[in-house]
Amino acid sequence: MSDGNSPHLQRRPDRAALAIAAALAVVAIVIAWSTSQAGGVAGYSPVGPKTFPYIIAGGMFLLSLCTAIEAWRGNFPAREAQNIPPMLWVLGGLAVQMLSMKTVGFSIATGLLFAATAKGFGKGPLWMTVPIGIVFAFLVWVMFAKGLQLTLPAGPLERLF
């Protein structure tokens, strides 16, 4: 009788998780190197502006080691197949927002991001989600720009107010 845990049925290393571990390690090293190269004024306290980037880099490196160990053991569960079109809608929305923020303003650019994300999640037609997104984004702009006196990019819609 077998209990299903036969030693010769080991899982193979998870290549995708190993790639993620490597990327985390590279980002941690870049953060640490960049922090070490940054100038600064020596202060009276050992905790200064370089402390937290080093802590973040150390945490990311530790996370990369743990991810690599689990990937090597093959302990990650099997992943579902990726559905690419919804991801492209969200990424496209982010790209449109970043590229149009200065010209059309916060409300319209973020409204387009809202509509693209809704489309990616399969919610509502674009003719309905674009105006809803613009209204929500405009309300956020009003709260931040007028209520909190923070500067957000203003376009033609925001300049009306």
Side-chain angles (χ1 to χ4, degrees), residues 1-43 45-126 128-130 132-134 136-137 140-141 144 150-153:
M1 255 172 108
S2 174
D3 62 349
N5 292 330
S6 178
H8 62 278
L9 295 176
Q10 294 180 356
R11 294 178 70 178
R12 297 167 64 191
D14 189 339
R15 290 185 192 171
L18 285 172
I20 292 170
L24 285 169
V26 167
V27 170
I29 291 167
V30 167
I31 290 172
W33 179 80
S34 176
T35 303
S36 72
Q37 300 300 311
V41 179
S45 174
V47 177
K50 291 186 176 185
T51 304
F52 287 105
Y54 281 131
I55 291 171
I56 291 169
M60 287 184 72
F61 194 75
L62 182 65
L63 183 61
S64 75
L65 287 176
C66 293
T67 303
I69 291 168
E70 291 299 308
W72 194 257
R73 291 180 181 168
N75 287 342
F76 285 102
R79 288 176 290 282
E80 297 178 14
Q82 297 296 316
N83 193 358
I84 301 297
M87 288 189 282
L88 292 177
W89 273 104
V90 174
L91 289 173
L94 283 168
V96 166
Q97 184 195 32
M98 288 188 291
L99 294 172
S100 65
M101 184 78 73
K102 286 189 177 185
T103 55
V104 299
F106 178 82
S107 298
I108 295 173
T110 306
L112 294 173
L113 170 63
F114 176 87
T117 304
K119 178 74 171 172
F121 281 98
K123 302 293 181 189
L126 288 175
M128 184 175 68
T129 56
V130 169
I132 290 172
I134 290 172
F136 281 152
V140 169
W141 181 85
F144 278 84
L150 297 175
T151 304
L152 291 174

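One distance of note links CH2 of W141 with CG of L152; it measures 8.0 Å at 0.5 Å rounding. Here the CD1 atom belonging to I132 is positioned 13.0 Å from the NZ atom belonging to K123, to the nearest 0.5 angstrom. To the nearest 0.5 angstrom, I56 atom CD1 is 11.0 Å from T51 atom OG1. One distance of note links CD1 of I20 with CG of D14; it measures 8.0 Å at 0.5 Å rounding. Of the inter-residue distances, the one linking I55 atom CD1 with I31 atom CD1 reads 12.5 Å to the nearest 0.5 angstrom.
Applying the 6.0 Å contact sphere to OH of Y54 captures more than 12 heavy atoms from other residues, nucleotides or ligands.
Qualifying ring pair (Phe, Tyr, Trp, His ring centres under 6.0 Å) partners for W89, counting only residues two or more places apart in sequence or in other chains: none.
Across all their heavy atoms, L94 and L113 have their closest contact at N-CD1, 3.5 Å. Considering all non-hydrogen atoms of both residues, L24 and T67 come closest at CD1-OG1, 4.2 Å. Closest approach of G111 and A137 over heavy atoms only: N-CB, 4.1 Å. Here the closest heavy-atom approach between residue S100 and residue A109 is recorded as OG-CB, 3.5 Å. Residues K50 and S36 share a closest heavy-atom pair of NZ-O, 4.0 Å. Considering all non-hydrogen atoms of both residues, A116 and G93 come closest at CB-CA, 3.6 Å.
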For this session: Please report the C-alpha distance between M101 and T110 in whole Å, then the side-chain angles of each, then the deciding distance to 0.1 Å, and finally whether the side-chain contact (heavy atoms from CB on, under 4.5 Å) criterion is met.
Result: CA-CA 8 Å; M101 184 78 73; T110 306; 4.2 Å; yes
For this session: Kindly indicate, with the supporting measurements, whether the criterion side-chain contact (heavy atoms from CB on, under 4.5 Å) is fulfilled by K119 and T129.
Result: CA-CA 8 Å; K119 178 74 171 172; T129 56; 5.9 Å; no
